[in-house]
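Read through the structure below, which is laid out as structure tokens, and then see the notes.
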Amino acid sequence: MLTKLLPEDLEKVAKATEQRLASFRLRLMLCAGTGCVSSKSFDVQKALRIELERQGLQDEVAIIMTGCNGFCAKGPVLVVQPDNIFYQLVTPEDVPELVEEHFKGGRPVERLMYREPGKTKPIPKMSDIQFFKKQQLIALRNRGLIDPEEIDQAIAREAYSALDKALNSMTPEEIIRVVEVAGLRGKGGAGFTTGTKWKITAEQPGDVKYVICNADEGDPGAFMDRSIIESDPHAVIEGMIIGARAMGANNGFVYIRQEYPLARERLATAIAQARERGLLGKEILGSDFDFDIAIHRGAGAFVCGEETALIASIEGDVGEPRTRPPFPAESGLWGRPTCINNVETWATVSEIIRHGSEWFSSIGTAKSKGTKVFALVGSIGNAGLVEVPMGITMRELVFDIGGGIPDGKKFKAVQTGGPSGGCIPESLLDLPIDFERLREAGSIMGSGGMVVMDEDTCMVDVARYFLEFLREESCGKCTPCREGTVRMHDILTAICEGRGTPEDLDTLEQMAEYVRDTSLCGLGATAPNPVLSTLRYFRDEYEAHVQHRQCPSRSCPVLSPAPCQSSCPAGIDVPSYVALIALGRFQEALDLIREDNPFPAVCGYVCTHPCESACKRRDLDSSVAIKHLKRFLADWEAEKKPAVKEGKPIRSDDQVAIVGAGPAGLTAAYFLAREGYAVTVFDSMDRPGGMLVAGIPPFRLPRSVIEYEIERIASLGVKVETGVRIGKDLSLAELREGGFKAVYLAVGAYQEMRLEVAGEELPGVIGSLDFLKDAFSRKITCLDGRVVVIGGGNAAIDCARTALRLGPEEVTVVYRRSRQEMPADADEIEIAEEEGVKLRILTAPVQVEGENRVTGMKCIETELGEPDASGRRRPVPIEGSEFTIEASTIITAIGQVPQTELLSGDGGVECDRWHQIVIDSETTQTSVEWVFAGGDAVTGPATVIEAVCAGKKASKTIMHYLHGEELKDPAPIPIPRLRVEDSTAVGEDERATLERPEMPTVDPSQRVRGFELVDLGLSEEVAVREAHRCLRCDVNR
Amino acid sequence: MPTITINDQTVTVEAGKTVLEVAEELKIDIPTLCHNKALEPYGACRLCVVEIMAGGRPGLSTSCTLAATDGLVVQTDSERVERSRRWTLELLLARCSKVPVIQTLARKYGVNDTRFEKDDQDCILCGQCVRICKERMGVAAIGIFNRGAQRVVSTPFDEFSDVCRKCGACASVCPTGCIDIDRYSDKEADVLPSEWNEGLCPTKPVSISFPQAIPKLPVIDATACVHLNTGACGVCADNCVAKAIDFEQQDEVMDLEVGSIIVATGFDALDPTPMKPYGYGKYANVFTNLEFERLSNATGPTSGELLLRDPEDRFKFTRKPKSAAILHCIGSRDVNYHEYCSRTCCMYALKYAHLLKDKCGHDTEVYNFYIDMRCFGKGYEEFLNRVQSEGVRMIRGKAALVTDQAITPEEKGMLVVVAEDTLSGQVLRVPVEMVILCTAMEARADASEVARVLGISTGSDGFFLEEHPKLEPVSTPTTGVFLAGACQGPKDIPDTVAQAKGAASEALALSARGEVEVAPMISQIDPDVCIGCQVCIALCPYSAIEFDWRHKVSVVNEAMCKGCGSCAAYCPSGAASIRHFTDKQIFAEIEGILAA
């Protein structure tokens, strides 16, 4: 039976409890927070108890059900004391092994230990885990260390010793002074100075005052208050008693939401135990101070977290805010002075009293003292609850503690402060977190929710989501909040569905400011934050939605009915052709691709397949092998050689000249010829194909494939004239005179960029394109010594792989940033390495060494600094780290620029300083009305599929131009052209288990001996099965 | 006393006032939709925002909740304020696109249209209805339910409220007029029918009785006032700028010393409800003459339009009638009610017929059912001829029955007047849409009570009796009490005016002379003989005898005594006698006559 305690008893109870616990050899701290409970930690407890009893260990090993441990994503969590061994994701089935091996045998079970994301080495001790390492626990000081339902364990951890100090050796004024000097600020979100609030309340006249603990935590993804109450309710109770003593209140309320049954139950138990122990009620701890706490359950209205609404709710009224002043400190509950603080604030109070204000104010930043509990959720490796000192950077929080973004995805933003907070972009990752900085960044601290979002998240959709929440949770009392959130949500929905206009963005911005300025309470005043902050940092995403009707993250279902299709620059109807493959209708599939792309075969071999990155199947296991499927179609066609479908008859009065027979030019020619225009393609080289033949090695793309597709295009009536250089052999004006009504310039980018280092002119230094040309044409047949390739793009990798086939000692690719930043395809790099190419990253060339011929390359090591304009981190040379790589051949592959001098002269087209042709991005029109341009000549080196996109777009505007129509075409939302029925050949359950096939390849050692094709292609059977892996988001989304 | 600055005007104000109140005093216009003087500040519509420039947290704040504290500087029309107001109005306009109040207010602030999709709601959620119900009526029958966009005003669980007393306070404060109290309670509303408008329309517990009322002041109907009955409400007192509302006021008895009294208590209109055959009270479109008068009056419930009443809702008038019957002599010239002729009916009936033709169109069928036409006044006969020439049907024969029981298709949905045409001897059934009953004028119900107080008498018809029908038509037996108007008998307006003028001149004659001439033959009571039994006082028909409590004897008021001799004949002690007609003299006279 518990008895009423006097001050001197506290220590006795603490000692006795400590002794009792110390009598156990092991203490199993099993998490019984809501997260772990729902992951069945009570089942684990039961299994443990049975197993321990079976083994006769019940007197040596204690099971202690603790509150939330914080690492909720890994629950149920079991920490074995005193060794601090951390086990995660424990199931009842694991129990016998644990007991046998560890608790009995003393051999911790590695299988259940935590591993860093992407690493395999287990980390046995909890304190060594990154997630816990950087945390500093004040409010959560007892989490995972006590059984919250046993008051003596709390007392053993110093609970109520601060109360003793406050009651028996401090005056109320002194208590307030300590809290004030400590600089404690309200952790519910607004950050009002707690000491000041207490002082105002204390100074109010009248005998009846109240203290309230706000535990109406309603932010989606935030659960710190719940966790504190669940793990250490006495911290809150003690803080409240101290506060009540300081302000002269005799009654307290905890306003806790109905949705927190476990927390409420534990709190009720704790209050009852405190009352029995004489820590609540009359004459607390033998002093003359009376105080008691009642629990009030909230009905789950978000707005009741607002203090005036909360008071109204306790009073039995509708939970709606009222205008302040008067502030609750002046006139609160039933018109009496009332002090409302958040759970976390109350839980911090006793630590300040115990350790003093100086200790507390030494933690944190200049204006924000102490620590803050954050709930890290969303797209993050280590989701859970953390308490960190104020001033920690977002980067530390997300990447060090949070373990970064899972699945190798890119970080996009952190949404802080709950629904009415804002989104912090990548550029502000190094922002130290405190009240002021977050506000300056357009967000708020809020209660401490941190939702991490990756590249797949559409920021417009995020704003829409939060507005939807706020629209539902606005109490509706005042006009701006009620009507404004609805209208803002309407606009955001319209934008997400492709119905938005550029004016909508202005309307949104103005309305957001209005709602912020005019609303009655904090909910309305902060409701526009999601909109304003996303508009501020992600305006480009909004613009993509309203101007191009595109969702860059492919997450808005209307704009991106099939993510693969919408991520394809040419908008190929991927889902439909994959479905057709599944049905075995290969010819239809090819015809469908050719509606958008004349190069299905080329793309099947070399496309960079952005579609696969967007593939939703990737979230399940791995993306559908879309590129390989296309390659399969190409192979199938090459075997069948079906007849070419005729286009429309050619009308010779609409003549179009196309300059450059690369993928962009040929695509434009293809689409124009299909519509019956007379097209002539001029190219300066001796064969058509452009970069396809000049830049892509035949072991990746056989020449027969290119020839076949160009033949098909020519068969539509397209004339190809090779060996003609426009600007030199024929001028633009002469083309015009020759009857061409429009010209499309797709001259590519062939001018190698220079390294700008000394010795670049030495023999043995060769540009990537020259090298490839010589290699493909067998002008170079073998290489001696060592080869260094400089650059990190696909061209560099192609050069390296080509060079490797010419028999040198070694091929090394030198790149100045890290592997992550390399623009080349990750799988291409992998294949190159597989073949034997060496990679030297974070290395920059300084000088080419040698006298008559290259002998080496002097390099310097670099490290990554701040991000530059491209968003990639800038390489910074490390002084004194120079070294030399031996080399007999150096291939430069750092990029190409267009050669447009001959076109840009008098009367020619306008070019920028990188010699790229300037066009109107919406119409592809150049500065000369009848001349259009696209491809690498406009964008600089890009991919085949982007060139196809450019050619396709140009063909449309040229047709509009020839008809004298408006050139601008609203960008269409790429929606599937067909609605292909689902194949029933493979059952649904089986589909889920299908695995992505590996592309069969020639053995690496065989490959490097010649220029033979490496990828062998999928068989029909494999391809059809693979097509069944498609989740058909085009119809199911 | 705090000093604040509004729009560069610096004023010292009473402590505890809000900025909105101060602005109102300064005649600075601040729009608001949720503010009501009778209610606690609410701050919900956000239209009344002002910008705090100094002396408070800078930014926008609602003036209805902003206390006018010392040193406060606000601007009520800054660019920021205007922008915010325009936004609020645009959002409200989008919500309530068809509500005139919002449209007008929006236009006033330059918001002519909204860029948002228009909704067609009528409630702006200002909460005035809910607040008045709770704060002032103490009932809280209605409340606000749901959150955000789903927020609505309703009763708990959308069911009829048990506590609503249908006082209509909610509807009266609603700025958009969207409250339908029938949604809140299925009780019959405690409607107060307008006495002035013959119950044709409702009125409020506090109202100015009628447009020409003197003094033209509102009065509170104590039987209907929520405050006087429950102690709640009292909203009128809060809204009265002059603080003129006094709930403590009681009826007062006043003693006036006057020389003469003119009785002009008028008449009662006969209530035709008990006369079942005419269907009054049963059929919505059977009206009495006075009701018809109110209908045709420009200040009446229909603003002078002659309209049919909706049978479903007695306060709703729908359309003009296509036919009407005017029934003469209802209760007059009828042995069952009053044998006398009410004198006015024939002429006003003709006027009604003319009005119906005039206001409802000349194709309106109007029938007059009469016993005989008594158009005796000057120009009256000519009027009868004119009305007849307008096409009014005159049917000689008193109507016997008004019914809705149709026997032919034409009668369906009509009121059928059944009467015998005494000229042709046929029984007629005339279907009409409206029936007007020309009810009798009868003496006021309390006429005999008044007569007793004033010492005058009533005739067998109940009207006050004049002293002499030919010689003293305005006087009464009680000197100084005169009669004017219909209290003496049915009269039309010219007759009433003539008589009233006569009564006035009688009264004036008395006061102009300054003294009263009395007849010499009046009673006298010998104080030495009177035993103080007071029997004479009760007997005196003219209230001319009073009791002298000091001397304990009866005393004759000589100005009032008419010398009737009742007292003298009865006096047990023989103290009372008539001058010049003493017992001795009478007996002497008798003897003389007998001797002759």
Side-chain angles (χ1 to χ4, degrees), chain A residues 299-304 308-309 312 316-326 467-491 493-494 499 501 503-504 506-508 510-521 523-525 527, chain B residues 18 33-34 40-51 56-67 69 80-81 83-96 102 114-117 119 121 123-127 130 134 140 143-153:
Chain A
F302 181 66
V303 74
C304 284
T308 57
D317 240 324
V318 178
E320 274 174 15
R322 61 158 175 79
T323 315
R324 300 175 305 178
L467 256 295
E468 184 173 330
F469 177 86
L470 291 163
R471 183 187 69 160
E472 299 302 320
E473 291 298 337
S474 159
C475 74
K477 180 174 173 178
C478 74
T479 314
C481 180
R482 179 187 66 234
E483 306 291 331
T485 50
V486 170
R487 299 294 174 176
M488 283 195 281
H489 178 260
D490 288 352
I491 296 177
T493 307
R499 294 180 280 113
T501 62
E503 292 78 57
D504 281 347
D506 297 334
T507 306
L508 261 185
Q510 289 164 17
M511 179 146 56
E513 274 166 29
Y514 155 74
V515 174
R516 188 186 61 197
D517 273 8
T518 318
S519 290
L520 173 73
C521 79
L523 192 154
Chain B
T18 64
L33 285 167
C34 70
E40 291 294 317
Y42 193 54
C45 76
R46 315 305 282 179
L47 263 182
C48 72
V49 284
V50 293
E51 187 171 357
R57 198 169 141 189
L60 298 180
S61 176
T62 40
S63 57
C64 65
T65 57
L66 182 63
T69 48
R80 205 165 158 200
V81 168
R83 198 167 51 225
S84 160
R85 242 171 235 171
R86 281 197 299 273
W87 266 109
T88 303
L89 285 167
E90 185 176 342
L91 288 170
L92 286 176
L93 187 63
R95 176 191 174 89
C96 304
I102 304 296
T114 168
R115 69 197 93 176
F116 304 113
E117 199 182 319
D119 203 347
Q121 305 217 38
C123 173
I124 54 167
L125 294 167
C126 66
V130 171
K134 184 182 171 197
I144 281 176
F145 296 88
N146 305 335
R147 285 197 294 266
Q150 274 80 46
R151 190 177 170 94
V152 286
V153 170

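The structure displayed is predicted, hence computed values, not measured ones. When reading the values below, keep in mind they use all heavy atoms of this one structure, side chains included, and skip hydrogens, waters and symmetry mates. Chain letters run A, B, ... following the sequence lines, proteins first and then strands; every chain starts at 1.
Remark: B/S61 OG to A/D517 CG distance equals 12.0 Å, nearest 0.5 Å. Expressed to the nearest 0.5 Å, how far CG of B/L93 lies from CD of A/E483 amounts to 11.0 Å. For the atom pair OG1 of A/T479 and CG of B/L125, the computed distance is 8.5 Å after rounding to the nearest 0.5 Å.
With contacts defined as side-chain heavy-atom distances shorter than 4.5 Å, the pair A/E472/B/Q150 qualifies. A 4.5 Å side-chain heavy-atom check between B/L91 and A/R482 finds every atom pair outside the cut-off. Side-chain contact between A/V318 and B/F145 is absent, with no heavy-atom pair separated by less than 4.5 Å. A 4.5 Å side-chain heavy-atom check between B/E117 and A/D490 finds every atom pair outside the cut-off. Contact annotation: the side chain of B/W87 never approaches that of A/V515 to less than 4.5 Å [non-hydrogen atoms, C-beta and beyond]. In this structure, B/R80 and A/Y514 have side chains that are not in contact, with every pair of non-hydrogen atoms separated by 4.5 Å or more.
Between B/A149 and A/V486, the shortest heavy-atom contact is CB-CG2, 3.5 Å.
In terms of heavy-atom pairs under 4.5 angstrom with chain B, the leader among A/C481, A/C475, A/G484, A/C478 is A/C475. For the set B/A67, B/C126, B/A94, B/C34, the count of heavy-atom pairs under 4.5 angstrom toward chain A peaks at B/A94. For the set B/T88, B/T65, B/D119, the entry with the most heavy-atom pairs within less than 4.5 Å of chain A is B/T88. Ranked by heavy-atom pairs under 4.5 Å with chain A, the list B/G59, B/S84, B/P41 is led by B/S84.
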Trace of the side chain to side chain contact (heavy atoms under 4.5 Å, CB included) decision for B/I144 with A/K477: CA-CA 9 Å; B/I144 281 176; A/K477 180 174 173 178; over 6 Å; no
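A salt bridge is defined here as a Lys NZ or Arg NE, NH1 or NH2 lying under 4.0 Å from an Asp or Glu carboxylate O, and B/K134 with A/D317 meets this definition. Between A/E473 and B/R147 there is a salt bridge, since at least one side-chain N of the basic residue sits less than 4.0 Å from a carboxylate O of the acidic one.
For a residue to count as touching a neighbouring chain, one of its non-hydrogen atoms must lie under 4.5 Å from one of that chain's; by this rule A/T507 touches chain B with backbone and side chain alike. Residue A/T518 touches chain B through both its backbone and its side chain, counting heavy-atom pairs closer than 4.5 Å. No part of A/E503 comes within reach of chain B, as not one of its non-hydrogen atoms sits under 4.5 angstrom from that chain. Proximity to chain B (any heavy atom under 4.5 Å) is restricted, for A/R487, to the side chain, taken from C-beta onward. With a 4.5 angstrom heavy-atom cutoff, A/I491 touches chain B only via side-chain atoms.
Checking side-chain atoms of B/R46 against main-chain N and O of A/P480 turns up no donor-acceptor pair under 3.5 Å.
Side-chain N/O atoms of B/Y42 and A/T323 include no donor and acceptor closer than 3.5 Å.
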